[in-house]
Amino acid sequence: MERTDSFLDALNGVQLRAATHPPNSTLQILAGPGSGKTRVLTSRIAHLILNCHIPPAAICAVTFTNKAANEMRERLTKLLGKTQVAQLKMGTFHSLCARFLRKYSKLVDVPENFTVCDASESKKIVATHLKTFEKDLKAHNLEPGTVTSIISKAKAKRLSADGYLDDAKSKAHYRGPTGTESPPTPDIIVGEVYVLYEATLRQNNALDFDDLLVFGVKLFSGHHLTVGWCRHILVDEFQDTNVTQYDLMRAIANSVRCITIVGDPDQSIYGWRAAEVENLAKMKRDFPETVQIFLEENYRSTGAILEASLEIVSQDSKRIAKSLYTAHPDGIAPVLYQVNGEQEEASFIAIEVKRLVAQMGGAFKWGDFAILLRFNALSRTIENALQKEGIPCRILGGHKFFERLEVKDVLAYLQLLDNPAFVPALLRVINVPGRGIGEKTLADILQRAEKAQKSPLALLEGIFDMRVPDNKPSIRKKILSFIQAIRKLRKSAESGTGPSDLINELLDLVEYQDHLRKTQPDWETRWENVRELITFAKEVEEQSVRDNAALALNEDESSLNIEMSALRQFLQVSMLSSTGDNESEESNQEKVTITTCHSAKGLEWPVVIIPSVDATTYPFIRSEDEDEERRLLYVACTRAKSLLYLTRSTTRRVAGDTKSRALSKFIQTIMEKRAKENKIPLFIDHIPHLELENRAILCKVLERPEPDEAEVQRMVDAFTRQGREHPPGIPWTPPGQAQANAYSNWSYPQSFPSSSSTGDSTSVSYPMTSFGRPAIAQFGRAVAPSPSSFTPTAEFRHPGQGVSFSRPSLVQPLPTVTTVPALSHTSHLALAKPAPIVAPLFKSPFSSTTLRVSPPRPIKPPQVPARPSPTSSLSIARPASGSRHTSTQSIIPSKPRSQILQSGGNRLTAAIQQPRPNPSIKEPPVPLPKPSSSHSAPPAAKTTAEVTTPPPQNGSLKRRLGMGPRTAGGYSNKKFKPPTK
DNA sequence: TCCAGCATCATTTTT
DNA sequence: TGATGCTGGA
Ligand SMILES: Nc1ncnc2c1ncn2[C@@H]1O[C@H](COP(=O)(O)OP(=O)(O)OP(=O)(O)O)[C@@H](O)[C@H]1O
């Protein structure tokens, strides 16, 4: 390291060491979620360039998604400036390969105008070939989707079609007697289809997603000159790379052997796609000089969120224990909110989001919330609920927009211009708009083309030119307009017309709008999608002009600034990008994000909500790898900075009647474990109160200014006026206990009191706050409990299991009334003992030969000074998981009650452990802030309008997301037909 | 060739 | 519940 720059100042000791590790080496940075891996990677790139004077063009940075690449590019631009950043070889493995393959296509025998074949086209090709094996198929139940994914996995492992087939055959031989005519094994069929599929792709001059990598390896390992530029390669999310990607990395780093990877085995969630965590070990074997650095301080989440997350992932028996801790306060306990009914679950989410925004008095915006789903289809009810509450949302990830029928139609025309051999495109558009060409005619054409060894399009052009005889029922008349259109467009494209203008021309030529109007009931929306595609095309054109401008100054041999037609560039980007890749638009910051757990990887939000945490979803019922599912939930939970909610419905509706559904075992297990150990539950079962002190903590963790009290009041008033009530929550109870009676026997003092003793779990007869929840003290978790405050004495018999438990006798006697303001370090400083700083365990989690870097400095001053009190006095360092003696603190707030009540506005008292609620507390002693008289008679309409007005989702959003009124996941609704064709 | 209507099935994750 | 696939008639 030659000098320290400001961007290095933002790193802690270990991070700094990782970022400035000597460039001529191989380095693994292994660390848990939120430990700053991405930040380190970014800083390291800047360091390599600014301090080690490695030219940016000599650096290859690989990210997992385009979105991640864009974000990194943005951050680096601030440090390095546009010109430097533009020279970096940065992107996903796929996009990098695609760019290099364009440049060096000839070296690997690929025509430079190859088309990237998307997944659905791949599947169609596979399906066609599968049909050949129909007879055998019945026995084996092989579906196109399955076969496609097998082929994809084979490619990810660099197993060629011939190799696969040979393997399958030799295995079959092994099993069956030789020479007999035994039916082919499923493996052999897959192998045969694989061979045919490959042949088809080559014939069509197409590469599928996996081919980009396979051919990339071929290119880089066979032609060293193509990677001569590389002086350092950095790979993010390394735990989710597959064999082919590993080989790519090695090939690119071939001569220099300078590699930096970052990853976290606990976050490997793409095993289903043939990702290999093993690559970590493999790299150590291949590069024995590899140094490992571990980051163990989490900067993202509160202690409570981190603890619950670690508890989840620790259930994996094969996992190597690791240390991860945070200096943040414990904060508010994660919430497990269970309701009866999926609609109710969705509406709970919507209402709670609204409540939080109101109670935080503007410190939270819609953009601070993320709803993370196991699969896209779950978004439906939630979107509806959000819409009903007037909450704007956006759906992130996926390829939905480009899967729309109308978008695919247009793209197919363009693909055909660029690559006339690409049959899938021809098949899609030859009868769009309807030209009376059906299956029969088409089959005929294909067959003739096959015989003539020509592409079908070439054949059609031959017929058009009357160089080739027409068919019996003339096709020439039918294809007349089609060929004319294609030729016209081709001419335009050749003369340099950009994609957006080409699309416009195309729309005119084939009267596409008319076609939509005639064939689609929702043609208007679809037409808007087409317009949106034009906008997208324009953006791509402009972007590439900018890129070229930035690169023009520094022309070098290795530049990826290759001459690629704008059309080709546009098509490539369309195939490789997904929604929200480069959306830094302001408007999207103001929307609740809905996305899958998978696409949430690497991202973070102040508030994360994970719906459907039930037994059929986590682990997903059809998944093969339970541990991976658990990790997925872990990844999802660790996206949260300050608040985490898990929700689920106790029932689901299946074909009319309702069936009950259990809680996810990942959660059930740890809840039971905690109950047995008599520790504070990791999840609370009611909504947290956000009075003054909790707000302060949230703001501190998020490094935001605290909201103005008057504003809080105003927003809460407005919310209250809407009268939105949360659907009643069903408390979690240990097994063997009747739900409703749970708390008459089971006494977690901090638990939500039983709803009633009647046994009817749905009738909540508790004093309700305006928020529809009983007023309950939020138990503090912030103060590191000093072991001495924990006095395990009282024996407690668990009625369901007849097991004895020792229960901490915290607040005697039970039933208890507790008055504890939630988790404020600041308020407790006077009372709480200085928290013991527990050094993290420094067992090497990964390998004994590992270089271990000294324990992290636990404290870093916040970048935005939030409060005068230094973080140090607030921080707790503690070992990551378990082992913490928990006890509800018996600390009584130091402030007089009235003061607290005034300041927070919420009632802080009353957690009652009685079979029946005490009538005397039916009315909360201190009501929630009501529309106070001082504010009374405001232009109510206005205020309410501000919060309630459901800004009707505008078309643009829907379009971008590829949704109509209905949504992602599956195009429901008669109006929205799937883009099938 | 196209479309309406009926039967069936079953809810994954993505570059 | 809602989407997808198949069939038979125009
Ligand atoms: N030294 C630091 N000081 C303050 N904040 C930090 C520091 N390092 C990282 N952070 C913050 O912590 C958060 C997580 O960082 P980052 O996304 O880089 O972590 P990560 O290890 O990549 O996480 P994940 O594995 O979950 O993707 C970010 O908000 C980042 O700004």
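Lettering of chains follows the sequences in order, A, B, ..., and the numbering in each one begins at 1. Reckoned from all heavy atoms, side chains included, excluding hydrogens, waters and symmetry mates.
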**Message:** From CZ of R630(A) over to C1' of dT12(B), roughly how many Å is that when rounded to an integer?
**Reply:** 18 Å
**Fill in**
The side-chain contact (heavy atoms from CB on, under 4.5 Å) partners of Q572(A) (sequence neighbours excluded) come to A98(A), R99(A), R102(A), M564(A), L576(A)
**Request:** Could you check how far CD1 of I594(A) sits from P of dT13(B), rounded to whole Å?
**Result:** 14 Å
**Message:** By nearest atom, which of the nucleotides dT15(B), dT14(B), dG2(C) is closest to the H598(A) side chain?
**Reply:** dT14(B)
**Note, D210(A) side chain near I151(A) side chain (heavy atom, < 4.5 Å)** = no
**Item:** Any N/O donor-acceptor pair, R622(A) side-chain to dT12(B) base, under 3.5 Å
**Value:** no
**Asked** Taking NZ, NE, NH1 and NH2 as the nitrogens, is one of them in D118(A) or K408(A) under 4.0 Å from a carboxylate oxygen of the other?
**Response** yes
**Prompt:** Would you say a side-chain N or O of S577(A) is under 4.0 Å from OP1 or OP2 of dT15(B)?
**Reply:** no
**Request:** Considering only NZ, NE, NH1 and NH2 on the basic side and carboxylate oxygens on the acidic side, decide whether D418(A) and R568(A) come within less than 4.0 Å.
**Result:** yes
For nucleotides 2-9 of chain B, tabulate all protein N/O to nucleotide N/O atom pairs closer than 3.5 Å, reporting atom names and distance.
unit_1 : atom_1 : unit_2  : atom_2 : d
dC2(B) : OP1    : N431(A) : ND2    : 3.1

**Asked** So, are K518(A) and E511(A) salt-bridged, with charged N and O less than 4.0 Å apart?
**Response** no
**Complete:** Between CD of E143(A) and P of dT11(B) the distance, given in whole Å, is 11 Å
**Item:** 5′-ward residue of the pair S95(A)/S623(A) relative to DNA chain B
**Value:** S623(A)
**Request:** Remember a base hit wins even if backbone is also touched, and classify E628(A) as base, sugar-phosphate or nothing at under 4.0 Å, heavy atoms.
**Result:** nothing
**Message:** For a quick check of understanding: with a heavy-atom distance under 4.0 Å over all strands, which category does Y270(A) fall into, base, sugar-phosphate or nothing?
**Reply:** sugar-phosphate
**Prompt:** So, are D614(A) and R652(A) salt-bridged, with charged N and O less than 4.0 Å apart?
**Reply:** no
**Request:** Return the value, rounded to whole Å, for the distance between atom CE of M575(A) and atom P of dT14(B).
**Result:** 16 Å
**Request:** Starting from C1' on dT14(B), measure out to CD1 on I151(A) and report it in whole angstrom.
**Result:** 17 Å
**Item:** Residue of the set V613(A), L646(A), I610(A) for which side-chain contact (heavy atoms from CB on, under 4.5 Å) holds with S664(A)
**Value:** V613(A)
**Fill in**
M249(A) atom CE is separated from dT15(B) atom P, nearest whole Å, by 21 Å
**Message:** Side-chain N or O of S599(A) versus OP1/OP2 of dT13(B): is the shortest distance under 4.0 Å?
**Reply:** no
**Item:** Any N376(A) side-chain nitrogen or oxygen under 4.0 Å from OP1 or OP2 of dT13(B)
**Value:** yes
**Request:** Mind calculating the distance between CD (E629(A)) and C1' (dT13(B)) to the nearest angstrom?
**Result:** 8 Å
**Asked** If you measure from the ring centre of F209(A) to the centre of the six-membered ring in the base of dT15(B), is it under 5.5 Å, with the planes under 30° apart?
**Response** yes
**Prompt:** So, are E276(A) and K282(A) salt-bridged, with charged N and O less than 4.0 Å apart?
**Reply:** no
**Message:** Quick check on DNA chain B: between T441(A) and L576(A), whose nearest nucleotide comes earlier from the 5' end?
**Reply:** T441(A)
**Prompt:** Base, sugar-phosphate alone, or nothing: which one does T617(A) contact when heavy atoms must sit under 4.0 Å apart?
**Reply:** nothing
**Request:** Side chain of T92(A) only, please: which of dT14(B), dT15(B), dT13(B) is the nearest?
**Result:** dT15(B)
**Message:** Check for me: is W272(A) stacked on dT13(B) by the 5.5 Å centroid and 30° plane-angle rule?
**Reply:** yes
**Item:** Length of the CG-P vector between L442(A) and dT1(B), whole Å
**Value:** 9 Å
